[in-house]
Amino acid sequence: MKLTKKECVVMLLAGGQGSRLGDLTKKIAKPSVPFGGKYRIIDFTLSNCVNSGLDTIGVLTQYQPLVLNSYIGDGKSWDLDRMYGGIQILPPYQGMGDSEWYSGTANAIFQNMDYIDQYAPEYVLVLSGDHIYKMDYSLMIKFHKEKDADCTISVIDVPLKEASRFGILNADSEGKIIDFEEKPKKPRSTKASMGIYVFNWQKLKKYLSLDDNNPNSSKDFGKDVIPLMLSSNEKLYSYEFKGYWKDVGTIDSLWEANMDLLGCNGFDLSGDWVIYSRHTEMPPQYLSENSKVRNSIVSEGAVIYGTVENSIIFSGVKIGENAVIRDSVIMADVEIKENSIINNSIIDEMVVIGPKLKIGTPKDLNLGITVIPRESIINSMKEEE
């Protein structure tokens with residue numbers, strides 16, 4: 001079947017293990033991790049695509065893909081169940097040679113060039129599925145066209161102490177990139193790559209093939225393809241992003257991003273830029289006569305008899321009488337029984353916390369975030385420790 005030509009195809013990298021999230025990603029890929037009371041991390045990138053008018057998206061999965069694949073389904077929740085285009089899951093597959101896992105971000109795109117070619121696009125937008133932000137990609141593509149660029153990289157200003165975690169670049173007054181270094185030990189700039197790239201497809205194909213033929217390459221955009229294009233005098237430009245953006249690759253950053261939803265100084269989920277998600281219909285939340293809820297997000301289906309302060313409560317959570325939840329993220333279908341106290345914690349899905357237990361430490365003690373893994377049953381302090 002001949003497919004309709006698309007001006008831009010999106011390739012969404014969603015196969016990362018997310019090992020720095022520890023127990024939260026032992027059974028699921030990082031983009032599948034729940035966030036904000038009713039979402040999963042990947043919802044933000046998918047919603048950005050739809051809101052930007054992009055409807056042809058290949059999702060490249062690899063590590064623990066079962067939950068992610070099931071969650072995305074046919075893409076209907078994001079209006080991506082299209083006859084032409086829509087969303088397509090792209091796991092590694094066996095071709096003419098041996099079966100091969102994706103060995104890097106660039107290699108993942110290289111292995112799926114046939115998928116892109118069937119739409120004969122002018123541009124390819126490469127995204128990561130594990131960041132929290134709202135962004136109109138159509139404005140970045142417009143900038144790319146205006147500059148007649150071969151590659152455009154979205155950048156954000158980061159604190160100097162964090163710069164070594166990112167690809168760091170320098171650009172001239174017109175935005176043309178002068179140099180680029182992946183995770184430098186001594187950063188020369190605070191302009192960090194967000195891992196969002198617009199490429200001219202024909203140009204990218206050339207460099208993906210060159211990279212694949214280099215036995216010394218790590219097959220990565222930041223480490224290999226971008227520096228190769230820069231050294232070959234291709235036109236690379238930086239596109240500055242001014243909004244909220246969070247790389248939720250660590251326990252601390254995931255907890256912080258959830259807390260940023262509370263109050264007026266963080267990340268606002270309201271407004272016209274809707275974040276779509278797939279979720280089951282549940283009854284409204286129930287707050288008992290004696291419950292106390294302050295500065296918190298409480299999702300549908302939650303039943304609260306205790307106290308909740310500065311916390312994110314997902315759907316189906318049950319909080320018993322006299323239980324106290326502070327500065328915590330309580331994911332779906334967790335049960336916290338009476339008289340238990342939860343401080344500064346992330347409680348993963350389907351956990352049961354027994355009565356009269358203390359989990360975590362008060363935030364002001366700065367002793368870190370306590371994480372309780374998915375489906376745990378905690379009945380004693382010894383078991384919790």
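Between Glu349 and Lys27, none of the side-chain N atoms (NZ, or NE/NH1/NH2) sits under 4.0 Å from a carboxylate O, so this pair counts as no salt bridge. A salt bridge links Glu122 with Lys5: the closest approach of a Lys/Arg side-chain nitrogen to an acidic carboxylate oxygen falls below 4.0 angstrom. Ion pairing between Arg326 and Glu309 holds under the 4.0 Å rule for side-chain N and carboxylate O. Residues Lys235 and Asp148 are paired through a salt bridge, judged by an N-O separation under 4.0 Å between the basic side chain and the carboxylate. A salt bridge does not link Arg278 to Asp43: none of the charged nitrogens lies less than 4.0 Å from a carboxylate oxygen. With respect to the salt-bridge test (charged N to carboxylate O, under 4.0 angstrom), the residues Lys38 and Glu300 do not qualify. At a threshold of 4.0 Å, the pair Glu240-Lys191 counts as salt-bridged, since one of the basic side-chain nitrogens sits closer than that to a carboxylate oxygen.
Checking Ser270 against Asp268 by side-chain atom types alone, a donor-acceptor pair falls below 3.5 Å. Remark: the Tyr244 side chain and the Asp260 side chain contain an N/O donor-acceptor pair separated by less than 3.5 Å. Between the side chains of Ser138 and Asp136, at least one donor-acceptor pair of N or O atoms lies under 3.5 Å. Using a 3.5 Å distance cut-off with no hydrogens or angles, the side chains of Asn107 and Gln111 do pair a donor with an acceptor. No side-chain donor-acceptor contact under 3.5 Å links Asn343 and Thr361.
Not one N or O on the side chain of Lys223 forms a donor-acceptor pair closer than 3.5 Å with the backbone of Lys183. Looking at Ser52, its side chain does come within 3.5 Å of a backbone N or O of Asn48 through a donor-acceptor pair. In terms of modelled atom types and a separation under 3.5 Å, the side chain of Ser291 and the main chain of Gly306 share no donor-acceptor contact. Within the 3.5 Å criterion, the main-chain N or O of Lys205 finds a donor-acceptor partner in the side chain of Ser209. Using modelled atom types, no side-chain atom of Asn339 and backbone atom of Pro355 make a donor-acceptor pair closer than 3.5 Å. Asp220 contributes a side-chain N or O that, together with a main-chain N or O of Gly222, makes up a donor-acceptor pair within less than 3.5 Å. At distances below 3.5 Å, at least one donor-acceptor pair connects side-chain atoms of Asn344 with backbone N or O atoms of Gly368.
In terms of heavy-atom proximity, Ala149 sits nearest to Asn200 at O-ND2, 3.0 Å.
No side-chain heavy atom of Leu13 sits under 4.5 Å from any side-chain heavy atom of Met11. Under the 4.5 Å side-chain criterion, counting only non-hydrogen atoms from C-beta, Tyr119 is not in contact with Cys8.
Applying the salt bridge (charged side-chain N to carboxylate O under 4.0 Å, His left out) criterion to Lys6, with sequence neighbours excluded, gives Asp55.
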Enumerate donor-acceptor pairs with a distance under 3.5 Å from any side-chain N or O in residues 156-171 to protein atoms, sequence neighbours excluded.
unit_1 : atom_1 : unit_2 : atom_2 : d
Asp157 : OD1    : Thr190 : OG1    : 2.5
Asn170 : ND2    : Asp179 : OD1    : 3.2

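Residue Phe199 forms a side-chain contact (heavy atoms from CB on, under 4.5 Å) with just one option from Met229, Glu234, His144, and that option is Met229.
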Going through the distances and angles, do Asp247 and Tyr133 end up as a side-chain hydrogen bond (donor to acceptor under 3.5 Å, both in side chains)?
CA-CA 9 Å; Asp247 179 354; Tyr133 65 116; over 6 Å; no
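Note on ring orientation: taking the six-membered ring where Trp is involved, the planes of Phe44 and Phe267 are tilted (angle from 30° to 60°).
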